[in-house]
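Sequence lines set the chain letters: A, B, ... in the order given, protein chains first and strands last, and positions in each chain run from 1.
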There are 2 protein chains.
Amino acid sequence: MARRTEALSRERIVDAAVELLDTVGEGGLTFRALTERLATGAGAIYWHVANKGELLTAATDAVVGTALAAEPDGASPPDRVRAVALALFDAVDDHPWIAAQLSRGSGQVTTPRILESLGRQVRAMGVPRSEWFSVSTALVQYVVGAATQNAVNGTLPGPSTSREELLGAVAERWEELDPEEWPFTRAIAGQMRVHDDREQFLAGLDLVLTGIAALHPGT
Amino acid sequence: MARRTEALSRERIVDAAVELLDTVGEGGLTFRALTERLATGAGAIYWHVANKGELLTAATDAVVGTALAAEPDGASPPDRVRAVALALFDAVDDHPWIAAQLSRGSGQVTTPRILESLGRQVRAMGVPRSEWFSVSTALVQYVVGAATQNAVNGTLPGPSTSREELLGAVAERWEELDPEEWPFTRAIAGQMRVHDDREQFLAGLDLVLTGIAALHPGT
DNA sequence: ACCTGAACACCGTTCAAGT
DNA sequence: ACCTGAACACCGTTCAAGT
């Protein structure tokens with residue numbers, strides 16, 4: 001708290017950006033808000049950061065990097081895949097603005113982190129080398145895709161809405177669809193209301209892991 | 001071409017928005033550009049559309065809706081899953097701005113279309129009803145996630161760059177990484193250079209489909 | 001080398017006024 | 001009911017000037 005006049009640095013700028021994104025959302029990250037928060041001028045920020053896009057990429061990379069920094073816990077390679085996947089899932093859940101970011105330019109920079117982390121487990125599972133690329137990429141796509149879409153579902157109405165209300169609202173909308181045109185979606189609306197996001201995420205991951213084990217039985 | 005004075009309508013506005021997004025990209029969709037293209041004033045557009053967000057959602061929904069409109073071709077349910085998945089894949093490939101959109105508010109509106117289309121095939125595969133939600137959701141997450149991330153990879157440098165140059169650039173970046181820190185990513189950099197996106201997308205889909213068949217053998 | 005802050009060009013949205 | 005277009009508030013970025 002006593003850091004009145006700490007030197008401006010790229011790191012402090014990125015930290016402030018993450019804070020703003022977390023508290024005020026994507027629309028709240030503004031150079032004016034940043035200058036105020038950092039008690040400086042706009043030009044000072046531009047000295048350390050090329051533009052807003054680079055700042056968003058750096059913020060995304062910082063958060064994901066932290067989430068994946070620890071060596072993944074788990075007795076077996078599939079368990080470690082689950083650990084990595086959950087770490088990312090929780091990071092996106094805590095910082096929903098990451099979702100849109102990963103579907104933009106930031107993905108180019110940040111995805112390799114996820115690929116490296118998951119890929120090592122693919123290798124450890126004994127998948128033949130010729131399939132490393134295909135299998136690890138598919139795994140990354142499921143994990144990032146699922147985590148991302150989950151965050152989308154979590155941010156429709158006001159920030160005060162509870163998880164149950166949110167799922168209930170979606171379920172209600174689904175139940176009002178024309179049954180002629182939307183038979184399947186209507187049939188599962190009830191389960192939307194009661195499902196658990198993390199469990200569902202892990203269940204989907206199990207499909208992929210089972211598929212890997214079946215199609216590429218390791219050594 | 002002779003439609004000099006066609007009445008303004010929500011549909012014409014959305015069509016113009018899609019055109020702008022396709023040609024000038026996400027940053028090119030501007031109310032000024034729209035008014036010029038439609039030869040009208042800003043207020044006229046706001047009469048038919050609440051705001052820019054709604055316009056983006058409508059544009060996304062229109063494109064995805066068209067892509068999924070046809071009954072999916074295929075002899076078996078898995079084949080029809082592949083048909084639906086490829087239709088979406090190609091739509092995102094042709095309109096890369098959809099990727100970011102699906103990771104934002106538009107997902108809420110558009111995802112049910114994809115869920116319905118894929119879910120019907122899940123049902124046809126004989127997956128027990130209690131697993132419909134879990135399985136269909138996971139499938140949607142893989143398909144949307146993979147299609148989305150693929151579009152991210154396709155739009156780094158200028159629009160003139162060829163597919164090979166693009167993959168080559170990514171592969172090069174990966175090959176320059178520190179091998180101590182990035183052993184796996186470096187090991188697969190070569191395959192990044194030569195892989196085919198659609199094939200890779202289908203290979204990943206096969207992992208999921210195989211997992212479904214293994215964990216939820218139908219009737 | 002690093003910071004200040006006014007200025008510029010541009011954007012989404014509104015609204016009184018028209019038909 | 002639908003359209004016009006000027007006006008408003010706000011944003012990202014630049015840059016001459018300072019230290």
Side-chain angles (χ1 to χ4, degrees), chain A residues 3-62 97 100-101 104-106 109 155-156 158, chain B residues 3-62 97 100-101 104-106 109 155-156 158:
Chain A
R3 51 176 163 91
R4 264 287 91 176
T5 343
E6 207 165 326
L8 196 55
S9 66
R10 191 184 157 93
E11 202 194 338
R12 274 192 66 213
I13 295 171
V14 171
D15 284 352
V18 170
E19 247 185 83
L20 272 172
L21 287 162
D22 285 346
T23 52
V24 224
E26 209 168 336
L29 178 60
T30 289
F31 275 82
R32 322 232 177 220
L34 264 181
T35 53
E36 199 177 332
R37 195 138 185 145
L38 295 167
T40 181
I45 296 175
Y46 277 95
W47 178 261
H48 297 277
V49 159
N51 51 43
K52 194 177 180 177
E54 192 191 295
L55 183 53
L56 277 165
T57 300
T60 304
D61 206 47
W97 48 272
Q101 222 35 50
R104 287 178 111 104
S106 302
V109 172
T155 43
L156 237 208
Chain B
R3 50 177 165 92
R4 264 290 86 180
T5 342
E6 208 165 325
L8 196 56
S9 67
R10 192 184 157 93
E11 201 195 337
R12 273 192 67 213
I13 294 171
V14 172
D15 284 352
V18 170
E19 247 184 82
L20 272 171
L21 287 163
D22 286 347
T23 53
V24 222
E26 210 166 336
L29 179 61
T30 288
F31 275 82
R32 322 233 177 220
L34 264 181
T35 53
E36 200 178 334
R37 194 141 188 142
L38 294 167
T40 182
I45 296 176
Y46 277 94
W47 179 262
H48 296 276
V49 159
N51 52 41
K52 192 176 181 180
E54 192 191 296
L55 183 53
L56 276 165
T57 300
T60 304
D61 206 47
W97 48 272
Q101 222 35 49
R104 289 178 109 105
S106 303
V109 172
T155 43
L156 237 207

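Close to C/dC2, at under 4.0 Å from its OP1 or OP2, lies a side-chain N or O of A/W47. In this model, the phosphate group of D/dA1 is not approached by any side-chain N or O of B/H48 to a distance below 4.0 Å at OP1 or OP2.
Listed by first then second residue, pairs satisfying side-chain hydrogen bond (donor to acceptor under 3.5 Å, both in side chains) with a partner in residues 50-61 of chain B read B/R10-B/E54, B/T57-B/S106, B/D61-B/T110, B/D61-B/R113, not counting sequence neighbours. Applying the side-chain hydrogen bond (donor to acceptor under 3.5 Å, both in side chains) rule to pairs touching residues 24-35 of chain A yields A/E26-B/R104, sequence neighbours excluded.
The nearest pair of heavy atoms linking A/V14 to A/A59 is CG1-CA, 3.8 Å. Scanning both residues, B/L34 and B/I13, for their nearest heavy atoms gives CD2-O, 4.2 Å. Taking both residues in full, the closest heavy atoms of B/G28 and B/A33 are given as O-CB, 3.9 Å, listed atom of the first, atom of the second, then distance.
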Let's test your reading of the pairing rules: Watson-Crick or G-U wobble, both distances under 3.5 Å, then write DNA chain D as a dot-bracket string with ( ), [ ], | and dots. ||.|||||...|||||.||

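The distance between atom CD1 of A/I45 and atom P of D/dC11, rounded to the nearest whole Å, is 13 Å. Taking atom CG of B/L34 as the reference point, atom C1' of D/dC3 lies 16 Å away to the nearest angstrom. Between the CD atom of A/E26 and the P atom of D/dC11 there is a distance of 14 Å, rounded to whole Å. Put simply, CZ on B/R12 is 15 Å from P on D/dC2, counting in whole angstrom units.
To the nearest 0.5 Å, atom CZ of residue B/F31 and atom CG of residue B/L55 are 6.0 Å apart.
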B/S/- along nucleotides 12-19 of chain C (protein heavy atoms under 4.0 Å) is BBBB----

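Residues that satisfy the side-chain hydrogen bond (donor to acceptor under 3.5 Å, both in side chains) test with B/E36, not counting sequence neighbours, are absent from this structure. Under the side-chain hydrogen bond (donor to acceptor under 3.5 Å, both in side chains) criterion, A/D22 pairs with A/H95, A/W97, sequence neighbours left out.
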